[in-house]
Undergrad: 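Would you mind keeping the following structure in view while I ask a few things?
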Amino acid sequence: MPLYHTEDQAMLAESVTGFMADEGGIKKQLRHWRDFNCKDGFGHGLWKQFAEMGLTGMLAAEADGGLAMGHVEAGIVLAEIGRNLTPSPFLTTSVMGVTALSEASDDLRGRWLPGIIAGETVLAVAIDEGAKHKPEKIACRAERAGNGFRLTGAKDFVIHGTSADAIIVAARTSGSDSDADGVTLFAVPKDAAGIGHNAVRLVDSSMASHVRFDGVELDGSTVIGEVDGGRALLNKVLSAGRIGAAAEQTGVGSGAFAMTTGYLKTRKQFGKLIGEFQALQHRAAHLYSELEIAEAVVIKAQQLLDGGSERAELMVSVAKAKAARVCNLAVREGVQMHGGVGMTDEFDIGLYMKRERALTEFMGDANYHAERVAQLSGY
Amino acid sequence: MSELEAFRAEIRAWIEANCPEEMRKPVQGEDDICWGGRNFVFKSAAQKQWMEVCAAKGFTVPDWPKPYGGAGMSPAEAKVWREELARAGARPPLSSFGIWMLGPALLKFGTEEQKVLYLNQIARGEIRWCQGYSEPGSGSDLVSLQTFGEDKGDHWVVNGQKIWTSYADKADWIFCLVRTDKANTYQGISFLLFDMTTPGVTTKPIKLISGSSPFCETFFDNVVVPKHQIVGQLNRGWDVAKYLLGHEREMISGAGGGEQTSTIGKVLARGGLDDPMLRAELAQFDIDALAFAACGEKFLDEIKVGKAHPAKPNMMKYAGTELNKRRHELLMAAGGSTALEWESEETRGGAPARSWLRTKANSIEGGTSEVMLNVVAKRILELPGA
Ligand SMILES: Cc1cc2nc3c(=O)[nH]c(=O)nc-3n(C[C@H](O)[C@H](O)[C@H](O)COP(=O)(O)OP(=O)(O)OC[C@H]3O[C@@H](n4cnc5c(N)ncnc54)[C@H](O)[C@@H]3O)c2cc1C
Ligand SMILES: Cc1cc2nc3c(=O)[nH]c(=O)nc-3n(C[C@H](O)[C@H](O)[C@H](O)COP(=O)(O)OP(=O)(O)OC[C@H]3O[C@@H](n4cnc5c(N)ncnc54)[C@H](O)[C@@H]3O)c2cc1C
């Protein structure tokens with residue numbers, strides 16, 4: 001399969017690019033909700049518009065009312081979200097949440113998918129425990145109780161945790177914390193008794209929650225997939241989240257880059273446009289080269305994931321690590337090349353820097369994924 | 001089964017049946033490469049056989065048209081061919097400047113007679129070409145070149161000097177940039193082809209830091225070149241030269257599966273090394289190598305359908321060569337003091353150190369990294385004054 005978009009994908013990209021620039025732009029969304037101090041950090045009206053565009057259910061099966069598209073298509077949307085810094089629950093809901101629900105019972109899918117597809121329901125995903133991503137270890141416990149389970153423990157960095165109608169929780173149902181087996185995924189509704197939130201605003205103005213589960217009673221119908229056998233599904237959800245975040249990062253990086261080259265072509269010092277200085281030209285050209293490489297490996301990993309390749313897991317980690325490093329370079333160079341104004345809140349370039357940092361941390365940073373690449377490669 | 005899958009099965013079976021076992025071992029160094037040419041001494045019967053069976057089918061230049069010695073494969077088929085070669089671990093049957101550089105330029109700018117004659121010779125490995133671009137005073141600033149061809153009616157008389165001419169002492173013919181109009185810089189250069197045995201051509205090898213002497217000073221003393229041996233128009237050789245450089249840079253970049261696209265982390269386990277810092281560096285490298293491999297694949301896919309920016313080979317060359325230099329720095333670090341050995345049997349005559357030193361030229365030959373960045377800044381990013 002060639003590593004560029006098919007005609008259908010190019011058409012999708014064209015319409016999403018226009019939509020996100022018009023409706024999801026920085027002024028209209030990110031700055032608006034930030035300055036409004038919105039408790040969700042995103043707008044529900046825009047989420048509805050996502051649905052009208054057919055984006056919310058793009059990964060869901062046709063039988064469930066979705067479009068049965070793949071990660072290449074989701075990545076197209078995420079790259080535009082990145083470019084415009086559009087706050088939305090798309091990644092946690094339509095990418096990770098829908099991936100989790102793909103293996104849920106008819107009941108559970110029927111309960112959540114229609115609302116997601118309609119742009120009315122939001123999902124969050126609770127995996128991390130602690131400040132760094134380490135899903136190999138899961139201590140949050142769901143113990144059998146009667147016909148169901150009792151959930152006890154804490155989760156961190158739960159993006160959209162307080163806005164979500166349901167939280168997909170990875171919990172331990174047997175074994176010890178670091179066992180691969182014994183993990184189960186649950187779809188925990190927001191109104192279940194015993195859920196406590198400590199909501200925090202992050203550097204990029206998105207909202208995350210430290211969630212506590214204090215003996216939350218769950219009936220068996222909230223289990224996604226097999227009890228104790230959730231690791232494979234969790235890995236699928238992780239891969240979806242990681243490649244999605246990587247795609248969003250390429251959008252953030254190229255958005256920052258476009259803004260920066262634009263500035264190099266307008267700002268004058270020493271009687272010249274600063275873009276005339278070779279010191280800046282070479283750094284810009286290097287950055288362009290890195291961004292091209294990051295975009296290529298992201299689409300490669302998306303295709304492998306969509307094709308069910310056994311190399312997909314490795315390449316997703318390669319893509320996440322590469323996209324993180326490159327996007328980080330893009331925002332650092334962006335702020336630096338803007339000089340003093342790059343440090344101001346008035347200029348958007350700093351917003352790119354903030355978003356980059358949050359995305360890098362989401363689902364494993366570059367070092368986490370480098371470690372994984374080494375392990376998956378057998379060294 | 002789709003047509004392409006049927007084609008793949010056919011190619012796979014053909015390679016299985018025709019590629020000698022010995023040609024499925026990795027290339028260890030420059031002297032394992034089959035260059036072809038009048039003076040080429042095959043390293044083994046297998047090397048000769050593999051080149052010949054491939055040439056007979058047009059597989060040495062799979063995507064060139066059949067009348068010119070190719071197999072007429074579509075871009076998708078040529079990709080399958082490359083993938084299947086890699087899968088079988090089969091070596092390229094023939095490598096040459098003719099295939100990488102002159103061929104594409106002739107396909108675009110050559111006359112029908114030139115194509116039929118020269119391309120078939122290249123495809124069959126009969127004529128080996130060298131590149132006469134650089135001069136002592138004209139490296140990065142190539143357009144300032146001084147080698148002059150004086151118009152004598154039906155021929156030119158060429159005088160001057162080239163330098164860094166790779167394999168000039170082994171090549172049969174040269175494609176050469178010659179000034180044919182002193183009043184114009186860009187539009188005063190012609191792209192000439194001539195036989196290295198023409199009277200007045202002499203070469204003098206230059207020794208590299210790696211110890212080998214793959215390139216030469218090349219002198220032209222009243223060399224007669226018939227007028228029909230020009231490619232493209234008189235004084236418009238710069239267009240041909242630039243187009244050819246695009247292909248040269250694509251080749252040097254390793255985008256099509258050069259060594260920089262493969263991972264090296266496994267050397268750690270092989271060497272029994274317990275060095276967490278080196279391990280981390282190797283993992284970072286492997287990430288960059290796999291990402292670059294994807295970028296190379298994407299670039300080749302796009303170039304075949306005209307989706308790639310025409311200046312993209314410059315970016316690929318920059319990224320690929322810098323990566324390859326890093327690769328060999330890490331291999332030297334992993335090899336420790338063993339990798340320092342210059343002549344021992346264990347290192348096959350100092351192969352790690354010699355390869356490491358050789359890669360330093362990657363970001364110089366075919367245009368330096370700095371020049372690549374200049375071109376990207378100007379032609380792709382359209383930065384002012386670049
Ligand atoms: C937090 C903060 C506090 C400050 N406090 C003070 C203060 O108290 N008093 C005061 O007077 N000033 C202050 N400054 C201003 C500071 O000195 C300037 O921002 C700085 O000199 C850069 O100028 P500029 O912002 O106009 O950027 P520009 O000069 O426009 O530079 C933009 C980019 O172009 C690059 N560039 C410019 N010229 C060249 C060249 N010739 N070659 C290569 N690259 C080039 C720069 O390195 C930069 O990356 C402050 C700035 C900040 C951010
Ligand atoms: C192994 C090898 C094989 C070669 N094979 C051939 C061959 O077969 N045929 C052939 O014709 N040539 C060949 N070359 C020559 C090669 O193309 C030149 O070496 C190259 O173009 C650089 O020219 P130069 O050596 O004169 O360096 P210079 O141009 O003198 O460059 C010196 C340094 O200055 C930098 N520099 C120059 N201009 C600029 C600028 N505008 N901005 C920023 N930095 C700049 C360069 O990047 C470099 O770092 C070969 C070279 C090598 C090393």
Undergrad: Looking at B:I380, B:T263, B:V375, which one has more heavy-atom pairs under 4.5 Å with chain A than the rest?
TA: B:I380
Undergrad: Given that the side chain runs from C-beta out, which part of A:I274 has a heavy atom under 4.5 Å from chain B: side chain, backbone, both or neither?
TA: neither
Undergrad: Would B:K298 and A:Y4 count as a cation-pi pair here, with the cationic atom under 6.0 angstrom from the ring centre and within 45° of the axis?
TA: no
Undergrad: Restricting to non-hydrogen atoms, name the atom on B:I287 and the atom on A:A321 that form the minimum distance, rounded to 0.1 Å.
TA: CD1-CB, 3.6 Å
Undergrad: Sort A:L280 into side chain, backbone, both or neither according to what part of it lies under 4.5 angstrom from a heavy atom of chain B.
TA: neither
Undergrad: Around A:E14, counting heavy atoms of other residues, nucleotides and ligands shown, do more than 12 lie under 6.0 Å from its CD?
TA: no
Undergrad: Are the side chains of A:E292 and B:F299 in touch, meaning some heavy atoms are under 4.5 Å apart?
TA: no
Undergrad: Between B:V376 and A:A285, which heavy-atom pair has the shortest distance, and what is it?
TA: CG1-CB, 3.7 Å
Undergrad: Closest heavy-atom contact between A:A370 and B:Q284?
TA: CB-NE2, 3.9 Å
Undergrad: Quick one: does A:Y288's side chain get under 4.5 Å of B:L373's, heavy atoms only?
TA: no
Undergrad: Heavy-atom distances under 4.5 Å only: say whether A:S289 touches chain B with side chain, backbone, both or neither.
TA: both
Undergrad: Output the distance between atom NZ (B:K307) and atom CG (A:L3), rounded to the nearest 0.5 Å.
TA: 12.0 Å
Undergrad: Tell me the closest heavy-atom pair linking B:Y318 and A:H286, and the distance in Å.
TA: OH-ND1, 2.7 Å
Undergrad: In Å, rounded to the nearest 0.5 Å, how long is the span from CD of A:Q281 to CG of B:L383?
TA: 5.5 Å
Undergrad: At a 4.5 Å cut-off on heavy atoms, which part of A:R372 comes close to chain B: side chain, backbone, both, or neither?
TA: neither
Undergrad: I need the B:D288 CG to A:E290 CD distance, nearest 0.5 Å.
TA: 6.5 Å
Undergrad: Please state whether the side chain, the backbone, both or neither of B:F292 comes within less than 4.5 Å of a heavy atom of chain A.
TA: both
Undergrad: Nearest 0.5 Å, what's the CD-SG distance between A:E295 and B:C295?
TA: 9.0 Å
Undergrad: Closest heavy-atom contact between A:M1 and B:E297?
TA: O-OE2, 4.4 Å
Undergrad: Would you say the side chain of B:M315 lies within less than 4.5 Å of the side chain of A:I293, judging by non-hydrogen atoms?
TA: yes
Undergrad: How about A:R283: does its CZ atom have over 12 heavy atoms from other parts shown lying under 6.0 Å from it?
TA: yes
Undergrad: Is there a side-chain contact between A:Q278 and B:E370 (heavy atoms, below 4.5 Å)?
TA: no
Undergrad: Between B:L381 and A:K265, is there a side-chain heavy-atom distance shorter than 4.5 Å?
TA: no
Undergrad: Does A:E371 reach the main-chain N or O of B:A283 with its side chain, forming a donor-acceptor pair under 3.5 Å?
TA: no
Undergrad: Can you say whether B:K304 sits under 4.5 Å from chain A via the side chain, the backbone, both, or neither, judging by heavy atoms?
TA: neither
Undergrad: Could you look at A:F277 and say if it's the side chain, the backbone, both or neither that has a heavy atom under 4.5 Å from chain B?
TA: neither
Undergrad: Between B:N314, B:L282, B:D301, which residue shows the highest count of heavy-atom pairs closer than 4.5 Å to chain A?
TA: B:D301
Undergrad: Do B:L290 and A:M315 touch side chain to side chain, with heavy atoms closer than 4.5 Å?
TA: yes
Undergrad: How many angstroms lie between atom CG of B:D286 and atom OG of A:S317, to the nearest 0.5 angstrom?
TA: 13.0 Å
